[in-house]
Enquirer: 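Supplied in structure tokens, the structure appears directly below.
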Protein chains: 2
Amino acid sequence: MRQKVATIQDVARLSGVSTATVSRALSHPDRVAEPTREAVLRAVRETGYVANPMARNLRRRRTGSILALVPNLANPFFSEILSGLASVLTPAGYGLLIADTHTDPAGRLTYYLESGLADGVVVFDGTLPEEALATRRRPPVILACEWMGETLPSVRVDNAAGAEIAIRHLYEMGHRRIGHAMGPVGNVLTESRLAGARRELEALGLPLREDWIFRGDFGLASGSAAAMTWLGLKERPTAVFCASDEAACGFMGALQHAGISVPSAVSVVGFDDIEVAAHLVPPLTTIRQPRRQIGRRAGELLSAMIEARALGGPSELLPVELIRRQSVAPPPPGQGDLP
Amino acid sequence: MRQKVATIQDVARLSGVSTATVSRALSHPDRVAEPTREAVLRAVRETGYVANPMARNLRRRRTGSILALVPNLANPFFSEILSGLASVLTPAGYGLLIADTHTDPAGRLTYYLESGLADGVVVFDGTLPEEALATRRRPPVILACEWMGETLPSVRVDNAAGAEIAIRHLYEMGHRRIGHAMGPVGNVLTESRLAGARRELEALGLPLREDWIFRGDFGLASGSAAAMTWLGLKERPTAVFCASDEAACGFMGALQHAGISVPSAVSVVGFDDIEVAAHLVPPLTTIRQPRRQIGRRAGELLSAMIEARALGGPSELLPVELIRRQSVAPPPPGQGDLP
DNA sequence: CTGTTAGCGCCTTCAG
DNA sequence: CTGAAGGCGCTAACAG
């Protein structure tokens, strides 16, 4: 089955020039005489020649692809970001290599960086240990998430500000008993959003009661679990700010399945503005992250770093935005104050 | 910045053996004497040597990666399949290269196949023209979707059977007025599911009225649009089988936002069983596709083909399953018969 | 068991 | 403007 593939030599022979000329005719068309180029191109067409990327890259000392490190590929949150990333990488001549940092053994990460498999790396996993990037030699890396250390260039979203906006909105709608459904402990996003919420509540003179903080992991199931906890509470918050839309969706769903009405009995605010948010019942009020743009900017900044052969570069902070829909209403009568 | 990277020569020099031995010590440890190997490994550690994949692959005449052609990366439907795919590819020593067939220019596809960029290809896009694969030379390809021609090995799901099951379930719940929210015209999945639905309805002696077929594209918005159409109908179906869960979600959402109750006024069945389905209000009854397994099996069959250096191979049909939740109920009183 | 030798296919000085 | 030659870094015969 291994049919013979045309090489640059075949083309050279057929068009009666040297391989060097073929190479030039394809890479720098302007540096070759018109008729010669024509002849070469004809031979290319005839042989069906396509340059072997392996050989070319070996020679050029590059790989032509960039690597995305995603914590969990199955999480739809990343698909749109990756889409944005791919849309700028492809025109720039890079392929997109994707690795799941949860599936892959840890050692593999260092390997990825040191192996020269990629010309650049986009890190989406905020929980990767910083040491992981401290390898002898590595390509440019850009973070597309918050990160413990602030040393590397990144494209981030203002998570704390988003949390503050969410809390303020609930406050302005009359809520005083406000809870929070957290992401996974130790995650930077979790911490930023929690910190933002805490700060804003404090500024408003409201408590964040320990029993109104529900631990979770950003997932649907963790939202449902939070709802169960909420149901078991003697004194319940009248509004819950969820650290992700998925959690919010699980939370609202479970509550309504239990006969609790949203938003008349509880108000809910999410985070992310995933596509389904607008189609839920009730439509979810949430903090929008410009996901596609995160991917795009990450790709652009990374290409620039590669071009400049620099390990460092500028960072960028993208704004978030409150999207008001119908999952927030004033608190039920008699519950507008602290218990 | 371009620090010098250790090559196999550096290791050879440092450990006092030939490069061939270094290569063997790393690739075939058993073919090298114990002490020699130790020395080599020590030198490797000392120099931080990592084999250059480009050079290795050029020599081995392989690429070490497989390419996934996805119609739309932003569609979360694929993320779980890709996750399953990655989970078998990584241990097998392959990287996962992902290309968005809608973002990428069409010519690029042929390039992908001919360029020798990947050792194998997984096609998720059922709308790719069959000619696209008719290149001079291409690596093994496996289809992870239905396809017009049945010539290539594939991992598929029994879409028609799924549709039949959905329709039968609605029938058994008492429905006689049954509609269908379609996927995009021309898509194989669309056709199979429509055909399955049509066949089953016929078998049950029921009509599929033209005005009860809602065109769409599998997306949330198209589900909402179908709801609008439904609302405008004089004679409405009491149940709608949606070609995707996203469409079902959009459909139920829009209906409920308009004050129509699901399932008391309309019953809905979806297709896919995406994660959120169970958390919707009401929880969505749907046809489950084993997405992660689709990815896994595709990876396994493809590796086998590559191993065997064969362009052909076995296909596989994965079963679907009805998941009963709460979006289906008997029709409203007086609407249990055809109008 | 180890070293020598010969490329994998391409690009890029350096001459002509 | 074109050709000749060398080598990117590695592995797979083939000898020894």
Side-chain angles (χ1 to χ4, degrees), chain A residues 2-41 43-44 47-64 93 111 114-119 136-137, chain B residues 2-41 43-44 47-64 93 111 114-119 137 139:
Chain A
R2 271 220 175 285
Q3 304 143 54
K4 209 171 349 208
V5 196
T7 76
I8 200 171
Q9 312 232 31
D10 301 323
V11 178
R13 212 171 304 132
L14 186 58
S15 51
V17 299
S18 74
T19 60
T21 301
V22 175
S23 174
R24 272 186 297 249
L26 296 173
S27 316
H28 310 284
D30 49 314
R31 297 192 175 190
V32 158
E34 172 73 25
T36 316
R37 197 190 334 157
E38 299 258 300
V40 170
L41 291 180
V44 165
T47 54
Y49 169 73
V50 183
N52 177 324
M54 231 57 66
R56 160 181 289 168
N57 289 336
L58 174 58
R59 181 59 234 245
R60 287 194 182 161
R61 293 152 155 266
R62 58 162 243 156
T63 70
Y111 167 72
E114 290 192 327
S115 67
L117 246 168
D119 297 331
R136 303 207 192 203
R137 183 181 114 63
Chain B
R2 272 219 175 287
Q3 304 143 54
K4 204 159 7 198
V5 195
T7 77
I8 201 172
Q9 310 233 32
D10 300 323
V11 178
R13 211 170 306 133
L14 186 59
S15 51
V17 299
S18 74
T19 60
T21 301
V22 175
S23 174
R24 272 187 297 249
L26 296 174
S27 315
H28 309 285
D30 48 314
R31 298 192 174 189
V32 158
E34 172 74 22
T36 316
R37 197 189 335 155
E38 299 257 300
V40 170
L41 292 180
V44 165
T47 55
Y49 169 74
V50 183
N52 177 326
M54 232 55 67
R56 160 180 290 169
N57 288 336
L58 174 58
R59 181 61 235 240
R60 287 194 184 162
R61 292 150 154 270
R62 56 162 245 157
T63 70
Y111 167 72
E114 289 191 328
S115 67
L117 246 169
D119 297 331
R137 185 184 112 62

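The shown structure was predicted, so the numbers you read here are calculated from the model rather than taken from an experiment. Every chain is numbered from 1 and lettered A, B, ... according to where its sequence line falls, protein lines coming before strand lines.
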Enquirer: Please enumerate all residues that pass salt bridge (charged side-chain N to carboxylate O under 4.0 Å, His left out) together with A/Arg13, with sequence neighbours excluded.
Expert: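 Partners of A/Arg13 under the salt bridge (charged side-chain N to carboxylate O under 4.0 Å, His left out) test: A/Asp10.
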Enquirer: Counting primed atoms plus P, OP1 and OP2 as sugar-phosphate and everything else as base, spell out the protein contacts along nucleotides 8-16 of chain C at 4.0 Å heavy-atom distance: B, S or - for each nucleotide, 5' to 3'.
Expert: BBBBB----
Enquirer: Between CD of A/Glu114 and OH of B/Tyr49, what distance do you get to the nearest 0.5 Å?
Expert: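 One gets 12.5 Å once the value is rounded to the nearest 0.5 Å.
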Enquirer: Return the set of residues passing side-chain contact (heavy atoms from CB on, under 4.5 Å) with B/Ser23 (not counting sequence neighbours), or none when no residue passes.
Expert: B/Ile8, B/Ser27
Enquirer: For a quick check under 3.5 Å, do B/Thr63 and B/Asp119 share a side-chain donor-acceptor pair by atom type?
Expert: yes
Enquirer: Quick check for you: to the nearest 0.5 Å, what is the distance between B/Met54 atom CE and B/Asn52 atom CG?
Expert: 5.5 Å
Enquirer: Could I get the full list of side-chain contact (heavy atoms from CB on, under 4.5 Å) partners for A/Val17, not counting sequence neighbours?
Expert: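 Here the qualifying residues are A/Ser15, A/Thr21, A/Val22, A/Thr36, A/Val40.
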Enquirer: Taking salt bridge (charged side-chain N to carboxylate O under 4.0 Å, His left out) as the test, write out the residues that go with B/Arg37, two or more places apart.
Expert: B/Glu34
Enquirer: Does anyone know the first and last nucleotide of DNA chain D in reach of chain A, 5' to 3', at under 4.0 angstrom to a heavy atom?
Expert: D/dC1 to D/dG9
